[in-house]
Amino acid sequence: VLGMLLVDNQGDFSHVIWPLRETDWNGIGPADCVFPSFLFIMGVAIGFVVPAYPRVKPGTGGRIVRRFIKLMVISVVLNFLAEFHRPPLHLHCPNISSVLARLAVTYVVLASLHYATPQKVQALVILA
């Protein structure tokens, strides 16, 4: 989480330390590995938290949807607070394409797949 905060909130771009600088279009730097590693950790955690297909517990689907809604609401509120301090204020068009919103969409898709499909279907989705 600290890596995500450092990469996303660098301050002004004239004083950025070298690992956080944007790389050329044909390069890769330490900052480019933060988001994919965060997604990998989230995917591994889903396997521990969400029960698998044959052992489905009642209410698990609702918990997945509630967690998705909570993450989306937090994302919209944080984006609104960030826009509130930057004029001009655009209240009619909230930014729902933030990193947290993308994590929420990834979570709901992967958790639903893990929750509702057998392992053979999951393996086919991974191979596709």
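In this structure, the side-chain contact (heavy atoms from CB on, under 4.5 Å) partners of Thr106, at least two apart in sequence or on a different chain, are Leu39, Met42, Leu110. Residues meeting the side-chain contact (heavy atoms from CB on, under 4.5 Å) test with Leu71, sequence neighbours left out: Arg67, Leu100, Ala104.
Paired with Phe68 under the rule side-chain contact (heavy atoms from CB on, under 4.5 Å), one option of Val108, Val73, Val109 passes, and it is Val108.
In this structure, Met72 CE and Leu103 CG are separated by 11.0 Å, a value rounded to the nearest 0.5 Å.
Tracing side-chain contacts under 4.5 Å through hydrophobic residues (I, L, V, M, F, W, Y), one never reaches Leu113 starting from Ile64; they form parts of separate clusters. When the side chains of ILVMFWY residues are joined at heavy-atom separations under 4.5 Å, either directly or via intervening members, Val125 and Val105 end up in two distinct hydrophobic clusters.
Residue Phe48 belongs to a hydrophobic cluster whose other members are Phe40, Val44, with links defined by side-chain heavy atoms closer than 4.5 Å.
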